[in-house]
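Let me begin by presenting the structure, written as structure tokens, before commenting on it.
We're numbering straight along the sequence, starting at 1. All values derive from a computational prediction rather than experimental measurement.
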Amino acid sequence: MSGAAAFSSCARPLNILCCSTRQWNAGDEWILLGIRRLFRLAFPHVPFNWILYDRSPDCFTSPWESPERRSGLLANSFQPERALHGIDLIVAGGTPEWIGPHFESLMMLPDAASKPWFFLGIDHIHPEFSPTAQEVQILSRAFITARGRLAFDALKTIGLVVPILPCPSLFASPWEHPVRAINSVGVVIQNDCILNQCVSTELKRQTLTLVQDLAARFQTRIICNYIDEFMELLRLPTDVAIHYSYDSADYFKLVAQCDLIVTTRLHSALLANSLVKPAIVVNRDPRVLSAIDPCPYIFAADPKDVLKQLNVMDAGTIGRNLFNWKRNIEQHYIALIMERLQRHGLYQLSDTK
């Protein structure tokens, strides 16, 4: 295994605690799948034990406000009650959820600051950034990449300058299906009245109008990430097919059947790029715009301008360039991950002689 990095044959698996959610947001699960894929690409012969720290709001008594977790949780996930015994590495990524109440119960454990932390492709959406002393201690030792200027600027206020790289969900898909021509379009629409992950009523209306305009020229389908959106859209009079699944892995096939994704959701655009498909984001939220800035094949447009953009889009050239760009980002991530794991002494170089 010349030139490869791996554990010695008698080494135990590396225990990685991943901060994510289950059955809450498909985007969170794509982020984690992308992180796991990067680790497998970097270390194809290394055994990993993937352990979940579930930061879903349903795990907390007062979501987004208090670190107090609900008592008696029976889910198959790590509960931060005593210590991080046996955990080799803690990983969070691809989201603004990497600090604050949902992480406090984990970051305040007595041995948390002594563990290696990776924050990969993180974001920041709050107007102020005031981490605690414990959080600063962890962040100062951590390996961090930001997915946009919002997190980059926030971390800079505490003296940390980090590389900007796309969200790890760019690597979520287990296969690629590069675009060659645009004949079919998938449209991802959000709800305007749920507690979390909603858009304005006007943006939803404009996106639904766009669906009909697209359907007059392309094979068009609606893709829903949340059950609330799916159940609402089922009541609408439309001939356009509507797709949904509780299983985040099913969306790889759904997106692969489209040549381009138009979306109000950030991570649906990133999933399209993961499959080597371009995406158009019609959501002007600053958090979304910050995260797509490092991604040259996710385009921003108002819903009324999408058809004009499609008229001038050279799909074949975009597909080739997107493929090469994704490979370059992948290699950059892998090199950084390998270097940081080596720095922490978490793997050994194989004997090449």
Side-chain angles (χ1 to χ4, degrees), residues 20-41 50 94 166-191 197 207 210-211 214-215 217-234 236 238-282 292 295 297-299 306 310 313 315-316 318-320 322-323 325-327 329-330:
S20 188
T21 66
R22 271 288 178 269
Q23 289 300 297
W24 173 256
N25 180 355
D28 288 338
E29 299 185 29
W30 297 333
I31 294 165
L32 183 50
L33 286 171
I35 290 172
R36 292 180 58 174
R37 187 166 302 283
L38 286 171
F39 272 76
R40 284 198 299 274
L41 289 170
W50 297 98
C167 172
S169 58
L170 178 64
F171 309 103
S173 177
W175 71 84
E176 295 172 330
H177 193 268
V179 63
R180 290 179 173 82
I182 298 176
N183 298 310
S184 61
V185 178
V187 184
V188 180
I189 303 176
Q190 285 170 262
N191 192 291
Q197 297 278 337
T207 309
L210 174 61
V211 169
L214 288 167
R217 293 180 48 187
F218 304 95
Q219 300 172 22
T220 303
R221 67 183 68 200
I222 295 173
I223 300 173
C224 301
N225 291 10
Y226 272 35
I227 185 66
D228 311 75
E229 298 151 0
F230 178 61
M231 299 308 296
E232 177 187 356
L233 292 176
L234 283 179
L236 297 180
T238 178
D239 295 329
V240 176
I242 303 172
H243 299 267
Y244 165 78
S245 178
Y246 76 93
D247 186 345
S248 60
D250 286 345
Y251 289 85
F252 302 137
K253 183 176 180 180
L254 285 174
V255 173
Q257 292 169 346
C258 304
D259 299 312
L260 174 136
I261 294 294
V262 177
T263 176
T264 61
R265 287 188 178 277
L266 168 65
H267 283 99
S268 293
L270 284 155
L271 185 62
N273 274 194
S274 184
L275 283 149
V276 195
K277 313 277 190 180
I280 300 176
V281 169
V282 293
I292 69 173
C295 304
Y297 305 102
I298 300 177
F299 308 95
V306 168
L310 289 176
M313 190 173 285
I318 287 175
R320 291 189 295 273
L322 171 52
F323 178 87
W325 170 78
K326 183 186 171 188
R327 283 291 172 276
I329 298 297
E330 178 184 282

Distance, nearest 0.5 Å, that separates [atom1] of [X] from [atom2] of [Y]:
{"X": "His267", "Y": "Ser274", "atom1": "NE2", "atom2": "OG", "answer": "11.5 Å"}
{"X": "Met313", "Y": "Ile318", "atom1": "CE", "atom2": "CD1", "answer": "4.5 Å"}
{"X": "Asn25", "Y": "Asn225", "atom1": "CG", "atom2": "CG", "answer": "7.5 Å"}
{"X": "Ile182", "Y": "Lys277", "atom1": "CD1", "atom2": "NZ", "answer": "10.0 Å"}
{"X": "Leu310", "Y": "Phe218", "atom1": "CG", "atom2": "CZ", "answer": "5.0 Å"}
{"X": "Asn183", "Y": "Leu260", "atom1": "CG", "atom2": "CG", "answer": "11.5 Å"}

Would you say the side chain of [Y] lies within less than 4.5 Å of the side chain of [X], judging by non-hydrogen atoms?
{"X": "Trp30", "Y": "Ser268", "answer": "yes"}
{"X": "Val282", "Y": "Thr263", "answer": "no"}
{"X": "Cys224", "Y": "Val188", "answer": "no"}
{"X": "Cys258", "Y": "Arg221", "answer": "yes"}
{"X": "Pro278", "Y": "Ile298", "answer": "no"}
{"X": "Ile280", "Y": "Ile261", "answer": "no"}
{"X": "Leu322", "Y": "Pro178", "answer": "no"}

Practice prompt. Under the side-chain contact (heavy atoms from CB on, under 4.5 Å) rule, what do Glu232 and Asn191 come out as? Steps first, then yes or no, please.
Written response: CA-CA 8 Å; Glu232 177 187 356; Asn191 192 291; 2.6 Å; yes
Discussion item. Restricting to salt bridge (Lys or Arg N to Asp or Glu O under 4.0 Å), what partner residues turn up for Arg40, sequence neighbours left out?
Written reply: none
Nearest non-hydrogen partners of [X] and [Y], listed with the distance:
{"X": "Ala269", "Y": "Val281", "result": "CB-CG2, 3.7 Å"}
{"X": "Cys167", "Y": "Ile31", "result": "SG-CG1, 3.8 Å"}
{"X": "Ala215", "Y": "Val240", "result": "CB-CG2, 4.0 Å"}
{"X": "Leu275", "Y": "Ala256", "result": "CD1-N, 3.9 Å"}

Sequence neighbours left out, what passes ring pair (Phe, Tyr, Trp, His ring centres under 6.0 Å) with [X]? Give chain and number order.
{"X": "Phe171", "result": "Tyr333"}
{"X": "Phe230", "result": "Tyr244"}
{"X": "Tyr226", "result": "none"}

Worksheet item: Who pairs with Arg180 by side chain to side chain contact (heavy atoms under 4.5 Å, CB included), at least two apart in sequence or on another chain?
Response: none
Discussion item. Tell me every residue that passes side chain to side chain contact (heavy atoms under 4.5 Å, CB included) with Ala249, counting only those two or more places apart in sequence or in another chain.
Written reply: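 With sequence neighbours excluded, Ala249 shows a side chain to side chain contact (heavy atoms under 4.5 Å, CB included) to Asp247, Phe252, given in chain and number order.
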Who pairs with [X] by side chain to side chain donor-acceptor pair (under 3.5 Å), at least two apart in sequence or on another chain?
{"X": "Ser173", "value": "none"}
{"X": "Gln190", "value": "Thr264"}
{"X": "Arg320", "value": "Thr317"}
{"X": "Glu176", "value": "Lys326, Arg327"}

Fill in: Stepwise side-chain contact (heavy atoms from CB on, under 4.5 Å) test for Ile223 and Val187
CA-CA 6 Å; Ile223 300 173; Val187 184; over 6 Å; no
Fill in: Stepwise side-chain contact (heavy atoms from CB on, under 4.5 Å) test for Trp325 and Leu170
CA-CA 11 Å; Trp325 170 78; Leu170 178 64; 3.8 Å; yes
Discussion item. Looking at His177, I want to see if its NE2 is surrounded by more than 12 non-hydrogen atoms of other residues, nucleotides or ligands under 6.0 Å.
Written reply: no
Worksheet entry | Residue pairs involving residues 21-31 (criterion salt bridge (charged side-chain N to carboxylate O under 4.0 Å, His left out); sequence neighbours excluded) | Arg22-Glu29, Asp28-Arg55
Fill in: Listed once per pair and sorted, the salt bridge (charged side-chain N to carboxylate O under 4.0 Å, His left out) pairs that draw on residues 250-272, sequence neighbours left out
Glu229-Arg265
Discussion item. Given 3.5 Å as the limit, does a donor-acceptor pair link the side chain of Gln219 with the main chain of Val185, or not?
Written reply: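 Not at all, since once roles are kept as given, no pair shorter than 3.5 Å links the two residues.
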Worksheet item: So Leu271 and Tyr251, side-chain contact (heavy atoms from CB on, under 4.5 Å) or not? Walk me through it.
Response: CA-CA 9 Å; Leu271 185 62; Tyr251 289 85; 3.9 Å; yes
